[in-house]
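Numbering starts at 1 and runs along the sequence shown. Just so you know, these numbers use all the heavy atoms, side chains as well, and skip hydrogens, waters and symmetry mates.
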Amino acid sequence: IWHLCQEVFYVWNKIFIDSSVFSHYKYIIVQRNRLLIMKLIEIADIKIGYNYKRESSSRNDKDMQITIVPVIQPRNAQNLCLDNISGLEQASIVDAKDKYFLSTDEILFSNKGDFKAFAWLGNKKVIASSAFYSIKLKNNSYLPAYVATYLNSSSGKSQLNLRQNTERVSTITISDVEQIDIPLISLEKQKQIVELFLLYEKEVDIMEKIKQNRKKLINSILSQTIKE
């Protein structure tokens, strides 16, 4: 537990040392009208993921070519960045075409539920399920991880909440996602904000480990006490 606490202290030290990240984030909020704001449709191509289940059940041609491909599902969207295929479900894709596969640095955005976004940074052939919209940036003015971070932020969520359909499960259309505003800031500031978010994810992970280890310690003490 002490080792994990030391890691938490290290994370917070990293966060507070770079106060420029916080001051610039405040600038984004307070001086938003002075920033260059771009619609997502202006900076990216957006399409829905691949509905491989419907295709596999509707085609029975014995001569069709089957490819086994890893598929990214909503349950895999746990962190800001995903760069490996470990733990991904394997699916049989009929006549797989290059357009089905994700490119490195594509952003995946869940189109229902909590609307979580993350960046695919791997170089293996994978596809995204139809539970996602894939967002492929058109230029280098934006970092994929920064766009994903912004979509996950309170500012991004507030825009999404205004556009979502909440009849049953919260959903959002491509046309609504296309109209989301993304602030354009320097690449250096984008990197700092992404690093800050990654430190936050690391802190959450460490705190969860501390919680689990503390529970094990208590159970061990209770068990030993009962035996005595």
What is the distance from atom [atom1] of [X] to atom [atom2] of [Y], rounded to the nearest 0.5 Å?
X: Leu88; Y: Arg75; atom1: CG; atom2: CZ; value: 9.0 Å
X: Leu198; Y: Glu203; atom1: CG; atom2: CD; value: 13.0 Å
X: Ile48; Y: Tyr133; atom1: CD1; atom2: OH; value: 5.5 Å
X: Lys136; Y: Asp105; atom1: NZ; atom2: CG; value: 10.0 Å
X: Phe197; Y: Ser153; atom1: CZ; atom2: OG; value: 9.0 Å
X: Lys116; Y: Phe132; atom1: NZ; atom2: CZ; value: 10.0 Å

With a 4.5 Å cut-off on side-chain heavy-atom distances among I, L, V, M, F, W and Y, is there a chain of contacts connecting [X] to [Y]?
X: Leu151; Y: Val194; answer: yes
X: Met38; Y: Ile174; answer: yes
X: Tyr50; Y: Phe101; answer: yes
X: Leu108; Y: Leu80; answer: no
X: Ile41; Y: Leu184; answer: no

How far apart are the closest heavy atoms of [X] and [Y], and which atoms are they?
X: Ala148; Y: Ala119; value: CB-N, 4.4 Å
X: Pro70; Y: Lys125; value: CD-O, 3.3 Å
X: Glu89; Y: Gln73; value: OE1-NE2, 3.2 Å

Notebook entry, point to check: Where do Val204 and Glu208 land on the side-chain contact (heavy atoms from CB on, under 4.5 Å) test, with the steps shown first?
Noted result: CA-CA 6 Å; Val204 170; Glu208 181 60 29; 5.6 Å; no
Note to self: A quick test of your reading: do over 12 heavy atoms of other residues, nucleotides or ligands sit less than 6.0 Å from NZ of Lys211?
What the structure shows: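 For Lys211, atom NZ is not crowded (no more than 12 foreign heavy atoms under 6.0 Å).
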Can you check whether [Y]'s main-chain N or O pairs, donor with acceptor, with [X]'s side chain at less than 3.5 Å?
X: Ser220; Y: Lys216; value: no
X: Asn84; Y: Ser86; value: yes
X: Glu106; Y: Ser103; value: yes
X: Thr104; Y: Gly122; value: yes
X: Asn76; Y: Ile72; value: no
X: Asn111; Y: Ser130; value: yes
X: Asp205; Y: Glu201; value: no
X: Gln190; Y: Leu143; value: yes

Are [X] and [Y] close enough that some pair of their side-chain heavy atoms sits under 4.5 Å apart?
X: Cys81; Y: Phe118; result: no
X: Ile37; Y: Ile182; result: no
X: Tyr200; Y: Glu195; result: no
X: Glu178; Y: Leu40; result: no
X: Leu36; Y: Ile185; result: no
X: Leu102; Y: Ser134; result: yes
X: Gln212; Y: Lys209; result: no
X: Phe109; Y: Leu160; result: yes

Note to self: Pair Val71, Val126 - check side-chain contact (heavy atoms from CB on, under 4.5 Å), show working.
What the structure shows: CA-CA 6 Å; Val71 180; Val126 298; over 6 Å; no
Next item on the list: Evaluate side-chain contact (heavy atoms from CB on, under 4.5 Å) for Ile193 paired with Tyr146, printing each intermediate quantity in order.
Entry: CA-CA 7 Å; Ile193 289 173; Tyr146 163 72; 4.3 Å; yes
Check: Looking just at side-chain N and O atoms, do Asn161 and Ser158 make a donor-acceptor pair shorter than 3.5 Å?
Finding: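 Side chains of Asn161 and Ser158: no pair found under 3.5 Å.
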Notebook entry, point to check: Step by step, would you call Thr173 with Asp176 a side-chain hydrogen bond (donor to acceptor under 3.5 Å, both in side chains)?
Noted result: CA-CA 5 Å; Thr173 65; Asp176 284 330; 3.1 Å; yes
Item checked: salt bridge (Lys or Arg N to Asp or Glu O under 4.0 Å) partners of Asp83, counting only residues at least two apart ->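 Partners of Asp83 under the salt bridge (Lys or Arg N to Asp or Glu O under 4.0 Å) test: none.
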Check: For Lys39, what residues pass the salt bridge (Lys or Arg N to Asp or Glu O under 4.0 Å) criterion, not counting sequence neighbours?
Finding: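 For Lys39, the residues satisfying salt bridge (Lys or Arg N to Asp or Glu O under 4.0 Å) (neighbours in sequence not counted) are Asp181.
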Item checked: With sequence neighbours excluded, residues passing ring-ring contact (aromatic ring centres under 6.0 Å, His included) with Tyr142 ->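 Scan of Tyr142 (ring-ring contact (aromatic ring centres under 6.0 Å, His included), adjacent residues dropped) gives none.
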Next item on the list: Go through the steps to decide whether Asn219 and Ser223 satisfy the test side-chain contact (heavy atoms from CB on, under 4.5 Å), and finish with yes or no.
Entry: CA-CA 6 Å; Asn219 288 336; Ser223 177; over 6 Å; no
